[in-house]
Amino acid sequence: MKYLLLPVVVLLAGCQSLSQSDGNTVTNNAESQVDTAHPVEINQALLADESIDVIHPVADVDFSLNNTLKDQKAINENNIWPRIRSQLTFDIPNQKRLIAQRNWYVKHPSYLNRVAKRAEPFLYYIVEELEKNDMPIELAFLPIVESAFDPFAYSHGRASGMWQFVPGTGERFGMKQNWWYDGRRDVVASTEGAIKYLKYLHKFFDGDWMLALAAYNSGEGRVRNAVRKNKRLGKSTDFWSLDLPKETRAYVPKLLALADIVKRPTDFKLSLYSIDNKSVLSQVNIKSQLDLAKAATLAGLSLAELQGLNPGFNRWATDPDGPHRLLLPSHTVEKFELGLNKLSKKDRLAWQRYKIKNGDNLGVIAKKFNTRIDLIQQVNNIKGNQIRAGKHLLIPVAAKSLDSYVFSQEQRIAKKQNRPQKGLKLVHTVKSGDNLWDIGRKYGVNSKSIANWNGFAPRDTLKLGQKLVIWQKGSSKTNKSNYANSKTGNNVENAIMRNITYKVRRGDSFARIADKFNVSISDIERWNNLDRNKYLQPGQRLKLSVDVTNNI
């Protein structure tokens with residue numbers, strides 16, 4: 001996740017250290033060095049606690065990247081790996097952390113192949129952009145460390161996209177984010193932003209790429225403070241000597257391990273998935289808003305393929321205010337442009353004539369048709385919000401049923417919410433004053449689980465009327481009883497309350513403490529006369545009243 005001082009088909013592309021295998025978290029602190037050519041098994045207990053989970057909400061898509069049959073021999077002789085290999089310059093030190101990461105990759109070639117296949121449409125473009133900007137070629141491996149090359153990946157820290165940007169840093173480095181579009185997932189916009197950010201960090205740390213990479217993961221302020229601390233203590237200030245979070249200590253070694261494997265795969269008895277050393281995608285100027293289903297038909301692609309190549313678009317159409325571009329397989333461009341030029345402006349979107357009813361307002365109508373108020377206003381030349389019953393509006397609507405747009409934001413969330421879990425399924429409608437931790441306490445579940453069940457990050461803002469799926473464990477009878485008690489404000493039977501004093505630890509927050517002890521943030525504020533908007537300090541003591549039967 002990128003902090004300032006303040007998630008297709010292709011191998012290897014800073015947020016907090018994320019999942020190394022689409023669900024198998026890997027980081028390590030292994031203490032024994034091992035033979036680089038004959039890796040031994042790393043203690044998985046040592047690898048388990050240094051990663052922040054990255055979530056892959058949708059399945060991979062197989063893309064039709066070429067309309068001709070591939071000559072596999074020719075591809076193997078002219079793929080992108082020799083090009084990358086010839087430009088590798090980072091030193092590969094004989095460090096335990098690096099060796100442990102490399103051993104894991106070597107022991108999991110299927111993971112490397114899966115990630116390489118996912119990277120296939122995009123790797124050539126990234127390499128070209130790095131070369132154009134005179135950047136180290138090793139940075140092409142960052143999307144592997146960050147997201148396993150998944151443009152739809154997101155983390156519980158609110159980072160999103162292939163390069164895993166949090167909202168604020170994404171906006172600072174040129175990634176527009178709104179209802180229609182999220183540039184953090186746009187392959188072009190996020191790659192451009194990542195290069196800008198990495199240049200900034202490289203300059204910030206006086207040309208030290210290891211420190212810049214560490215800061216891409218955990219923030220330049222944190223890395224700078226670690227450097228200053230070592231200076232005061234008379235210690236070395238190189239990356240390997242710094243006191244950094246566990247996930248950051250594993251982050252740089254992951255990238256260097258990937259670089260070493262690409263540099264000498266035969267030493268590790270590996271064969272890298274072959275990726276053409278040529279452009280397979282083209283950027284096409286579409287000039288104005290276009291329904292994605294119509295675009296897919298014009299290009300001869302499935303809707304899933306088109307969305308997989310253009311993951312930045314949240315809805316059923318492109319953003320009316322741009323970017324007005326699509327990434328398409330190069331062999332489809334001519335057919336697409338011929339078809340697009342034949343479309344009239346009104347045929348770019350599907351339309352529905354709607355008769356305004358008594359009680360209607362623009363917000364209700366926009367929600368009904370899954371569109372925006374401002375778009376209805378623009379199309380119908382409406383100034384303000386006044387509409388009259390009996391009049392007609394022209395509403396832009398999706399050309400296909402909404403569930404056909406499998407990678408739209410709504411469908412990704414719906415798929416997540418409909419995934420079966422153990423326990424009783426409840427639906428909570430967000431009301432004024434709700435927050436995630438109080439909702440979790442109300443239903444007796446972990447707030448992080450609620451976020452995971454509903455496809456968002458724990459720190460995301462809840463919206464009035466938002467529907468949240470809640471899965472309560474245990475018997476249905478018990479769950480319903482607990483639910484009824486929580487609604488009426490009664491204590492659950494057999495609760496044993498104790499007053500305790502809690503000493504704030506480094507990294508603690510109101511939310512984390514509330515979640516840990518199954519209390520509400522407002523309770524912590526009330527018990528300690530505190531304001532949640534102020535930072536807690538390590539060593540600070542808090543009075544808490546907890547149900548010990550719920551905090552074992």
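The figures that follow rest on heavy atoms only: side chains count, while hydrogens, waters and symmetry mates do not.
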Arg315 NZ/CZ over Trp179 ring centroid, <6.0 Å and within 45° of normal: yes

Side chain to side chain donor-acceptor pair (under 3.5 Å) assessment of Asn79 paired with Tyr273: CA-CA 9 Å; Asn79 67 54; Tyr273 177 87; over 6 Å; no

Polar side chain donor-acceptor pair, Asp321 to Gln289, under 3.5 angstrom: no

Under the side chain to side chain donor-acceptor pair (under 3.5 Å) test, residues paired with Ser279 that sit two or more places apart: none

Salt bridge Asp319-Lys176, side-chain N to carboxylate O under 4.0 Å: yes

Asn285 and Arg325: side chain donor to acceptor below 3.5 Å: no

Ile126 vs Leu139, side-chain contact (heavy atoms from CB on, under 4.5 Å): CA-CA, chis, key distance, verdict: CA-CA 9 Å; Ile126 291 172; Leu139 301 181; over 6 Å; no

Nearest heavy-atom neighbours spanning Trp437 and Ala514: CB-CB, 4.5 Å

Pairwise distance CG(Leu327) to CG(Asp186) - rounded to 0.5 angstrom: 7.0 Å

Gln472 side chain vs Leu426 backbone, donor-acceptor pair below 3.5 Å: no

Check ion pair Lys254-Glu247 (N to O, under 4.0 angstrom): no

Pair Asn113-Ser110, side-chain donor/acceptor within less than 3.5 Å: no

No-hydrogen, no-angle side-chain donor-acceptor test under 3.5 Å, Thr191 and Trp163: yes

Distance-only polar pair, side chains of Arg185 and Ser190, donor-acceptor under 3.5 Å: no

Any side-chain heavy-atom pair of Ile195 and Lys199 under 4.5 Å: yes

Check: Asp434/His428 side-chain N/O donor and acceptor closer than 3.5 Å: yes

Between CD1 on residue Ile513 and CD1 on residue Ile521, distance to nearest 0.5 Å: 10.0 Å

Residue pair Tyr124 / Asn277, side-chain donor-acceptor N/O under 3.5 Å: no

Leu343, Thr332, Leu326 screened by side chain to side chain contact (heavy atoms under 4.5 Å, CB included) with Leu298, the one that passes: Leu343

Inter-residue atom distance His392.NE2 - Ile356.CD1, 0.5 Å rounding: 9.0 Å

Geometric class of the Tyr200/Tyr197 ring pair [parallel <30°, tilted 30-60°, perpendicular >60°]: parallel

Step-by-step side chain to side chain donor-acceptor pair (under 3.5 Å) determination, Ser147 to Asp150: CA-CA 5 Å; Ser147 67; Asp150 183 359; over 6 Å; no

Residues Arg184 and Glu171 bridged, charged N to O under 4.0 Å: no

Modelled atom types, side-chain donor and acceptor of Asp360 and Tyr354, under 3.5 Å: yes

With Glu129 via salt bridge (charged side-chain N to carboxylate O under 4.0 Å, His left out) - residues at least two apart: Lys132

